[in-house]
Trainee: 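Questions regarding the structure given below will be posed in turn.
Atoms within each ligand, like the ligands themselves, are counted from 1 in listed order.
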Amino acid sequence: MASRMYFIVTVTLTLLATIARAIDVNVTGEWRPERGWEVTCSWATLPNDTLQSVRLYNNGQQFMIYRPEKHGHGRTDVFHGADKVMTVNCTTSTYRGQEGRCVLLLEPYQPPAGNYNYTCEVSGERPMFRIGKKDYVIRALVPPSDAILISNKYEDSSPNRVMLNCSSTGLPAPNLLWTVGDDMVQADFSGRMWNPTSKLWNVWSYLSYTRNDDSKVLCSPEVTSNNEIIRGRPAEYNSANGLTGTAKVTALVLALSLLR
Ligand SMILES: *[C@@H]1O[C@H](CO)[C@@H](O)[C@H](O)[C@H]1NC(C)=O
Ligand SMILES: *[C@@H]1O[C@H](CO)[C@@H](O)[C@H](O)[C@H]1NC(C)=O
Ligand SMILES: *[C@@H]1O[C@H](CO)[C@@H](O)[C@H](O)[C@H]1NC(C)=O
Ligand SMILES: *[C@@H]1O[C@H](CO)[C@@H](O)[C@H](O)[C@H]1NC(C)=O
Ligand SMILES: *[C@@H]1O[C@H](CO)[C@@H](O)[C@H](O)[C@H]1NC(C)=O
């Protein structure tokens, strides 16, 4: 009885191991600045199998099939959508396609509305038609860049009053949060623009600030994605030494011209 149980368990485990090992598929992805997402699907069949096809899906819809029988040892194709362009390069590194990979470059034309759900399905030849398949979520997230803060003095007004301009980039568009000391403050004006070259949002925010103590002024970029808050490095305006680099230079030039 016990040995029979052992037999069943062993057979089950062996079967599971065989299915799991049938075709090994891995998908990895990376954001390439100024290009887009590069997603690589690599596979390895059993040594005695032959590659029948590789199918690629975006959000459940097949957009590419690679069949060595029809396309030979590789296939490169470009797919234009309304909001993105996808370039795929599939290549095999062994004679019967037991090993190979498809590299996808996904370049958004427009700000992505959400994540992309990518699937890579690899099939072996008859009679077994073994299948290996992986889903991969291309997360539409590029963390906010470090905040950049520029200060400008107002002409003909209180010397303690400055206009602060804070900016950052990211995907989705980062929010820029202002704090003075321990208090959150509302921006006077903020704006954003999609940059088709970087494929990211440029965001900026103005705060008109009048110094009356040595409070630290911070501008912090952050985004919320999948209920997670992702922060970029904040920029600080220290009102105690409020002269910015450019303002110092201007003061120096002015002082020099008065000496002449
Ligand atoms: C998939 O990833 C595993 C773990 O990193 C590795 O052992 C395996 O060789 C990979 N297979 C392929 C086909 O890249
Ligand atoms: C290939 O190898 C597997 C595992 O080693 C074996 O089960 C199968 O019968 C072999 N032949 C074919 C045609 O897949
Ligand atoms: C991705 O798409 C596949 C096929 O449509 C589906 O089975 C899977 O649940 C989806 N995954 C996510 C995270 O949406
Ligand atoms: C496709 O990938 C192969 C192997 O990585 C490479 O040699 C080839 O140049 C690539 N083709 C294109 C059009 O990118
Ligand atoms: C504020 O910063 C943004 C982003 O760097 C820039 O486009 C804009 O011209 C700046 N505005 C001023 C008044 O400096």
Trainee: Whether Arg75 engages the ring of Tyr66 as a cation-pi pair (distance to the six-membered ring centre under 6.0 angstrom, angle to the ring normal within 45°) should be assessed.
Mentor: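 No cation-pi geometry.
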
Trainee: Looking at Cys102 and Cys120, is the distance between their SG atoms under 2.5 Å?
Mentor: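 The answer is no, since Cys102 and Cys120 keep their SG atoms 2.5 Å or more apart.
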
Trainee: Heavy atoms only: give me the nearest Glu107-Arg35 pair and the separation to one decimal.
Mentor: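 In terms of heavy atoms, the two residues are closest at CG-O, 3.0 Å.
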
Trainee: Between Asn89 and Thr76, does a side chain to side chain donor-acceptor pair (under 3.5 Å) hold up when you go through it step by step?
Mentor: CA-CA 4 Å; Asn89 182 9; Thr76 299; 3.1 Å; yes

Trainee: To the nearest 0.1 Å, how far is atom 14 (O) of ligand 4 from its closest protein heavy atom, and which atom is that?
Mentor: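 The answer is Asn89 ND2, 3.3 Å.
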
Trainee: Among protein heavy atoms, which lies nearest atom 2 (O) of ligand 1, and at what distance?
Mentor: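 Looking only at protein heavy atoms, the one closest to atom 2 (O) of ligand 1 is Asn26 ND2, 2.3 Å.
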
Trainee: Could you list the atoms of ligand 1 found under 4.0 angstrom from a heavy atom of Asp24?
Mentor: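 Those qualifying, in numeric order: 1 (C), 8 (C), 10 (C), 11 (N), 12 (C), 13 (C).
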
Trainee: How about Phe63 and Phe79: are their ring centres within less than 6.0 Å of each other?
Mentor: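 Distance test on ring centres: under 6.0 Å, yes.
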
Trainee: Scan side-chain atoms only and decide if Thr50 and Arg96 contain a donor-acceptor pair under the 3.5 Å cut-off.
Mentor: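 There is such a pair (donor and acceptor under 3.5 Å, judged by atom type) between the side chains of Thr50 and Arg96.
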
Trainee: Which residue owns the protein heavy atom closest to atom 5 (O) of ligand 4, what's the atom, and how far is it?
Mentor: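 Heavy-atom neighbour on the protein nearest atom 5 (O) of ligand 4: Arg101 NH2, 3.8 Å.
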
Trainee: Look up atom 7 (O) of ligand 5 and tell me if a protein heavy atom lies less than 4.0 Å from it?
Mentor: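 Given the 4.0 Å limit, the answer for atom 7 (O) of ligand 5 is no, no protein heavy atom qualifies.
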
Trainee: With atom 13 (C) of ligand 4 as the reference point, say which of Thr40, Thr76, Val78, Val103 has the nearest heavy atom.
Mentor: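 The option holding the nearest heavy atom is Thr76.
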
Trainee: Show which atoms of ligand 1 fall inside a sub-4.0 Å distance from at least one heavy-atom site of Ala44.
Mentor: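 Here the atoms of ligand 1 in question are 13 (C).
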
Trainee: Which atoms of ligand 5 sit under 4.0 Å from any heavy atom of Ser167?
Mentor: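 Going through ligand 5 atom by atom, the ones under 4.0 Å from Ser167 are 4 (C), 5 (O).
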
Trainee: With only distance considered, is Tyr206 within less than 3.5 Å of ligand 5 through an N or O on each side?
Mentor: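 Min N/O separation from ligand 5 is below 3.5 Å for Tyr206.
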
Trainee: Just jot down the ligand 5 atoms closer than 4.0 angstrom to any heavy atom of Asn165, in number order.
Mentor: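 So the answer, numbered in order with elements, is 1 (C), 2 (O), 3 (C), 8 (C), 10 (C), 11 (N), 12 (C), 14 (O).
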
Trainee: Considering all heavy atoms of both residues, which atom of Ile230 and which atom of Arg139 are nearest to each other, and what is their separation?
Mentor: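 Nearest pair, atom of Ile230 first, then Arg139: CD1-NH2, 4.2 Å.
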
Trainee: Check each of Val122, Leu46, Leu51 against Ile23 using the side chain to side chain contact (heavy atoms under 4.5 Å, CB included) test, and report the only one that passes.
Mentor: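 For Ile23, the side chain to side chain contact (heavy atoms under 4.5 Å, CB included) check succeeds only for Val122.
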
Trainee: Given Asp77, Thr92, Thr91, Val88, which one has a non-hydrogen atom that is nearest to atom 4 (C) of ligand 4?
Mentor: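 Checking each option, the heavy atom nearest atom 4 (C) of ligand 4 is found in Thr91.
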
Trainee: Atom 11 (N) of ligand 4: protein heavy atom closer than 4.0 Å?
Mentor: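 When distances to the protein are checked, atom 11 (N) of ligand 4 has a heavy atom within 4.0 Å.
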
